[in-house]
Protein chains: 2
Amino acid sequence: MLPVHETGTCSVATAAEIVGSKWTVLLVHDLSEGPRRFTELERSCEGISPRTLAERLRWLEAEEMVVRRSYPESPPRVEYELTPKGTALLPIVHEMRRFGHEWLGCGVHDA
Amino acid sequence: MLPVHETGTCSVATAAEIVGSKWTVLLVHDLSEGPRRFTELERSCEGISPRTLAERLRWLEAEEMVVRRSYPESPPRVEYELTPKGTALLPIVHEMRRFGHEWLGCGVHDA
DNA sequence: CAGTATCCTCAAAGATACTG
DNA sequence: CAGTATCTTTGAGGATACTG
């Protein structure tokens, strides 16, 4: 996924890129409940590969939707947290969930 | 894109599929302003190939988000229109646009 | 723990030409 | 006009092994 400022597209199209790329919405939803560590996200996103998770997180960080906080302890600890910009994605996520519940008759078991 | 009932995923993930596949959001937005013909959509979605447009429309029709109305005139006329289910996508689209405007500083020129 | 490094697959979508 | 038929490309993302 290209950085947003290089896509040339804007607005809806960009939001579609964010929201449509696999795992991103799940990640944002997870992070909306507080800071999370790499392995926590790996576990809650059943099936995601570390490669993809790392890429997704780096992308979100580059877009300033997520901050990465590294605590140089041993064992190392890193936490990811939504920024205000990342939090601003939540209304989209909520509308997506509403749609799912109302029209797809599913999603009841989502977190 | 698979039919939704075959994906196994639900809710947010499904909405992400809908909303994330290229052109779909633009199409839904266009159709929100009234029935549109194939070529009209082709023109307003600058760059879309007829192959992709047809596929997208067939998919939306299969999901009952769009109805296809064919008038057997000469020359042939076909119109596509949002169903209530398709219309229910609009709140998502609106939140996506809001996000674009507020955080990406763009999208002002969108219809 | 928190990632990289590689390799690989597969499907979305572009380009183009053609048709009822 | 409203598509279909082919062929091709590209890149997202999976699997797996390895590392500071």
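Remember, predicted model here, so these are calculated numbers, not experimental data.
Separating the CE atom of A:M1 from the P atom of C:dA12 is a distance of 17 Å, rounded to the nearest angstrom. In this entry the distance linking CD of A:E42 with P of D:dT16 reads 14 Å, nearest Å. Residue B:E79 contributes atom CD, which lies 9 Å from atom P of D:dA2 at whole-angstrom precision. We find that CD of A:E46 is positioned 13 Å from P of D:dG14, with the value rounded to whole Å. Rounded to whole Å, atom C1' of D:dG3 lies 13 Å from atom CG of B:L41. Between A:R36 atom CZ and C:dC1 atom P the separation is 16 Å, expressed in whole Å. Taking atom CD of residue A:E40 and atom P of nucleotide C:dG3, one finds them 12 Å apart after rounding to whole Å.
Of the residues in residues 61-72 of chain B, none has a non-hydrogen atom less than 4.0 angstrom from any atom of DNA chain C. Near DNA chain D, defined here as any heavy-atom distance below 4.0 Å, the residues from residues 48-60 of chain B are B:P50, B:R51, B:A54, B:R58, listed numerically.
The salt bridge (charged side-chain N to carboxylate O under 4.0 Å, His left out) contacts involving residues 65-81 of chain B comprise B:R69-B:E81, B:E73-B:R77, B:R77-B:E79, where partners must be two or more places apart or lie in separate chains.
Here CD of B:E33 is found 9.5 Å from CG of B:L31. Values are rounded to the nearest 0.5 Å. Rounding to the nearest 0.5 Å gives a distance of 12.5 Å between CE of B:M65 and CG of B:L27. Separating the CG atom in A:L82 from the CG atom in A:L90 is a distance of 6.0 Å, to the nearest 0.5 Å. Distance check, rounded to the nearest 0.5 Å: CG of B:L89 to CD1 of B:I18 gives 5.5 Å. The structure places CZ of A:R97 at 4.5 Å from NE2 of A:H101, a figure rounded to the nearest 0.5 Å. Atom OG1 in B:T52 sits 8.5 Å away from atom NZ in B:K22 (nearest 0.5 Å).
Here A:Y80 does not reach the OP1 or OP2 of C:dC1: none of its side-chain N or O atoms lies under 4.0 Å away.
Sequence order on DNA chain C of the closest nucleotides to B:W23 and A:P75 puts A:P75 first from the 5' end.
Closest heavy-atom contact between B:E17 and B:M1: O-CE, 2.8 Å.
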Canonical and wobble pairing (Watson-Crick, G-U, under 3.5 Å) of DNA chain C, dot-bracket with |
||||||||||||||||||||
Could you list the donor-acceptor pairs under 3.5 angstrom formed by side chains in residues 54-63 of chain A, with sequence neighbours left out?
unit_1 : atom_1 : unit_2 : atom_2 : d
A:W59  : NE1    : A:L2   : O      : 3.1
A:E63  : OE2    : A:V4   : N      : 2.9

Under 3.5 Å, sequence neighbours excluded: what are the donor-acceptor pairs made by side chains of residues 35-47 of chain A?
unit_1 : atom_1 : unit_2 : atom_2 : d
A:E40  : OE1    : A:R37  : N      : 2.7
A:S44  : OG     : A:D30  : OD2    : 2.4
A:S44  : OG     : A:E40  : O      : 3.3
A:S44  : OG     : A:L41  : O      : 3.3

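Candidate nucleotides D:dG13, C:dA13, C:dG3 were compared by shortest atom distance to the side chain of A:K22, and D:dG13 ranks first. Nearest nucleotide to the side chain of B:F38, out of D:dG3, D:dC1, D:dG14: D:dG3.
Within the 4.0 angstrom heavy-atom criterion, only backbone atoms of the sugar-phosphate kind lie near A:S21; the bases stay farther away.
The shortest distance between side-chain heavy atoms of B:F99 and A:I92 falls below 4.5 Å. In this structure, B:M96 and B:V25 have side chains that are in contact, with non-hydrogen atoms separated by less than 4.5 Å.
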